[in-house]
There are 2 protein chains.
Amino acid sequence: MHSEFENYLKNYDLPDEAACRISSLAMSRTLRRNEFLMSAGEICKHKVFVMSGMLRIFNITADGNEHILQFSPGHGWVLDVESYDRQVPSKVNIGAVEPSEILYWHKADFEKLLIEVPQLRLYADQLISRNIHHSRDRILSALGATPEEKYEEFVQKFPKLLNRLPLRMIASYLGVSLKTLNRVRHAQLQRI
Amino acid sequence: MHSEFENYLKNYDLPDEAACRISSLAMSRTLRRNEFLMSAGEICKHKVFVMSGMLRIFNITADGNEHILQFSPGHGWVLDVESYDRQVPSKVNIGAVEPSEILYWHKADFEKLLIEVPQLRLYADQLISRNIHHSRDRILSALGATPEEKYEEFVQKFPKLLNRLPLRMIASYLGVSLKTLNRVRHAQLQRI
DNA sequence: AGAAAAAGAGGTCATTTGACGCCATTTTCA
DNA sequence: TGAAAATGGCGTCAAATGACCTCTTTTTCT
């Protein structure tokens with residue numbers, strides 16, 4: 001069905017049969033650059049896997065500022081967990097940073113799969129655990145790091161995203177103004 | 001065994017029998033104010049339930065600054081998930097803010113319980129889910145909120161902790177200097 | 001109860017940061 | 001391909017913030 005996705009699942013020790021079953025319930029869709037997959041206020045009804053391109057989860061505050069919670073490049077998952085889990089209106093938006101291809105599952109289908117396929121449950125637990133650790137690191141960084149340190153951490157963690165993202169979005173992910181991000185980058189160039 | 005704890009579990013739909021079994025493997029301990037339960041570098045080997053008092057999870061940076069990840073007052077759980085899950089050295093400290101009483105379980109025992117008692121697994125999943133949502137809110141707040149908004153959110157979320165914590169620690173939880181926190185509080189008084 | 005430590009409050013000052021505006025360049029998309 | 005939009009970079013200025021200090025009051029702990 002979606003052989004690239006099935007291959008991806010094999011890296012996580014899911015047997016062919018399981019990957020095939022999961023893939024069989026997936027639907028696919030493409031997104032244009034800047035197209036929204038979900039807007040604040042809607043209820044998140046799907047689990048989404050990004051095949052190619054890149055999506056982002058972001059919040060828009062009352063005064064119009066964007067804050068980016070997460071970038072999801074190819075071979076990553078994206079959804080608003082809170083809205084998905086509880087089926088309540090989401091506070092965030094999900095949109096495409098680049099033209100993207102996604103697979104998605106209805107919540108009901110995915111929950112069926114979690115029961116049917118025990119390896120999928122294990123894999124999902126891994127993702128949750130990673131998510132928690134990553135969030136904690138980000139909170140610590142937000143609490144204590146200087147803009148320069150934050151940028152440096154970003155470069156270390158996501159070297160491949162650097163040249164795919166406008167600086168404006170990196171600034172918005174780091175919680176720093178574009179001006180400050182430019183200053184940091186300029187200071188680093190000086191130092192070389 | 002620990003009847004207060006067992007009563008607590010009943011609020012989460014755990015049957016008597018299950019609560020009793022869980023409680024039977026718990027050990028208890030008291031902590032003095034400022035006593036450490038775990039220091040950075042150690043491996044987190046226990047799951048800990050706070051009976052009374054209050055603990056905090058915090059990080060100390062190279063330059064000596066403290067950043068508080070979490071307060072755990074009575075009837076809450078506390079552990080370094082990352083270190084506990086992977087059994088790697090922790091980057092954080094856990095210490096008592098007030099004289100405290102805790103129950104704790106060896107990791108091996110707790111994992112046995114998770115398998116034995118399916119309701120415990122459900123309860124644990126609820127906790128994880130809450131943790132994720134809470135972390136996400138905190139990241140959004142760190143990215144976009146002013147010190148004043150951060151303080152206001154803290155007051156809304158933890159009204160009962162306000163008068164149990166020194167302002168220094170609230171500042172350190174919010175990622176703001178004590179000076180700024182004082183300015184915010186002073187400005188609010190003016191406004192009344 | 002009394003000494004010692006911590007906390008709260010505030011003053012000053014240097015630094016960092018963001019807001020705003022401008023322009024040249026690049027990218028996008030019809 | 002060509003017009004329109006987005007981006008990156010920079011200058012200026014005002015405001016916010018933190019570092020450092022002092023002093024008084026409260027709390028802790030023996």
Side-chain angles (χ1 to χ4, degrees), chain A residues 30-36 53-54 56 58 60-68 95-100 141-152 154-155 161-190, chain B residues 30-35 53-54 56 58 61-68 71 95-100 141-152 154-155 161-191:
Chain A
T30 64
L31 291 162
R32 286 177 308 226
R33 199 175 92 97
N34 290 327
E35 189 173 351
F36 276 50
M54 175 154 37
R56 63 174 175 147
F58 62 106
I60 303 181
T61 56
D63 50 328
N65 274 86
E66 279 183 14
H67 299 286
I68 297 181
V97 176
E98 303 171 351
S100 305
S141 170
L143 290 183
T146 63
E148 175 148 13
E149 290 162 345
K150 289 180 193 173
Y151 178 63
E152 198 45 50
F154 185 87
V155 174
L161 298 195
L162 261 192
N163 35 10
R164 288 169 66 185
L165 290 170
L167 292 179
R168 176 178 64 81
M169 288 198 189
I170 297 179
S172 153
Y173 179 89
L174 298 179
V176 149
S177 73
L178 177 56
K179 178 77 183 180
T180 298
L181 181 55
N182 276 328
R183 281 195 265 243
V184 165
R185 286 162 55 91
H186 188 256
Q188 289 192 338
L189 288 181
Q190 295 287 358
Chain B
T30 63
L31 292 163
R32 284 177 309 225
R33 199 174 90 97
N34 290 329
E35 189 173 351
M54 174 155 37
R56 63 173 175 147
F58 62 107
T61 56
D63 50 328
N65 274 85
E66 281 181 14
H67 298 287
I68 298 180
F71 295 114
V97 176
E98 303 171 351
S100 304
S141 170
L143 290 184
T146 63
E148 175 149 12
E149 290 162 344
K150 290 180 191 171
Y151 177 63
E152 198 44 50
F154 186 87
V155 173
L161 298 194
L162 263 191
N163 36 11
R164 288 168 68 183
L165 291 169
L167 291 179
R168 175 178 66 82
M169 289 200 187
I170 297 179
S172 153
Y173 178 89
L174 298 180
V176 147
S177 73
L178 177 55
K179 179 75 184 181
T180 298
L181 181 55
N182 276 327
R183 281 196 264 243
V184 165
R185 286 163 53 92
H186 189 256
Q188 289 193 339
L189 287 181
Q190 295 287 357
R191 226 171 290 144

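Naming convention: chains lettered A, B, ... in sequence-line order (proteins, then strands); numbering from 1 in each chain.
Side-chain N/O atoms of B:R183 and base N/O atoms of C:dG10 include no donor-acceptor pair closer than 3.5 Å.
One atom, CG of B:N34, and another, C1' of C:dA7, lie 13 Å apart when rounded to the nearest Å. Rounded to a whole Å, the CG atom of B:L178 is 9 Å from the C1' atom of C:dA9. Remark: C1' of C:dA7 and CZ of B:R185 are 12 Å apart, rounded to the nearest angstrom. At whole-Å resolution of the value, CG in A:N182 and P in C:dT16 are 17 Å apart. Nucleotide C:dT26 holds its P atom 17 Å from the CG atom of A:N163, rounded to whole Å. Look at CG on B:L143: it is 16 Å from C1' on C:dG18, rounded to the nearest Å. Computed from coordinates, the B:L181 CG to C:dA7 P distance equals 14 Å when rounded to whole Å. Distance B:L162 CG to C:dA7 P: 16 Å, rounded to the nearest Å.
On the nucleic acid side, DNA chain D contacts chain A at distances under 4.0 Å to non-hydrogen atoms, with the end points of that region at D:dT7 to D:dT12.
We find the OG1-OH distance between A:T146 and A:Y151 to be 13.5 Å, quoted to the nearest 0.5 Å. Atom OG1 in A:T180 sits 10.5 Å away from atom CG in A:L174 (nearest 0.5 Å). Atom-to-atom distance recorded for A:L31:CG and A:S100:OG is 6.0 Å, nearest 0.5 angstrom.
At a threshold of 4.0 Å, the pair A:R56-A:E66 counts as salt-bridged, since one of the basic side-chain nitrogens sits closer than that to a carboxylate oxygen.
The two residues B:V176 and B:L181 come nearest to each other via the heavy atoms CG1-N, 3.8 Å.
Of the possible donor and acceptor atoms, none in the side chain of B:Q188 sits under 3.5 Å from a partner among the backbone N and O of B:R185.
When the nearest nucleotides of DNA chain C are assigned to B:R168 and B:K179 by heavy-atom distance, the more 5′-ward of the two goes with B:R168. Positionally, the nearest nucleotide of DNA chain D for A:M169 lies more toward the 5' end than for the other of B:T146 and A:M169.
When B:R33, B:R32, B:R164 are each tested for a side chain to side chain donor-acceptor pair (under 3.5 Å) with B:E98, only one passes: B:R164.
Across C:dT17, C:dT28, C:dG8, the shortest atom-to-atom separation from the side chain of A:R33 is found for C:dT28.
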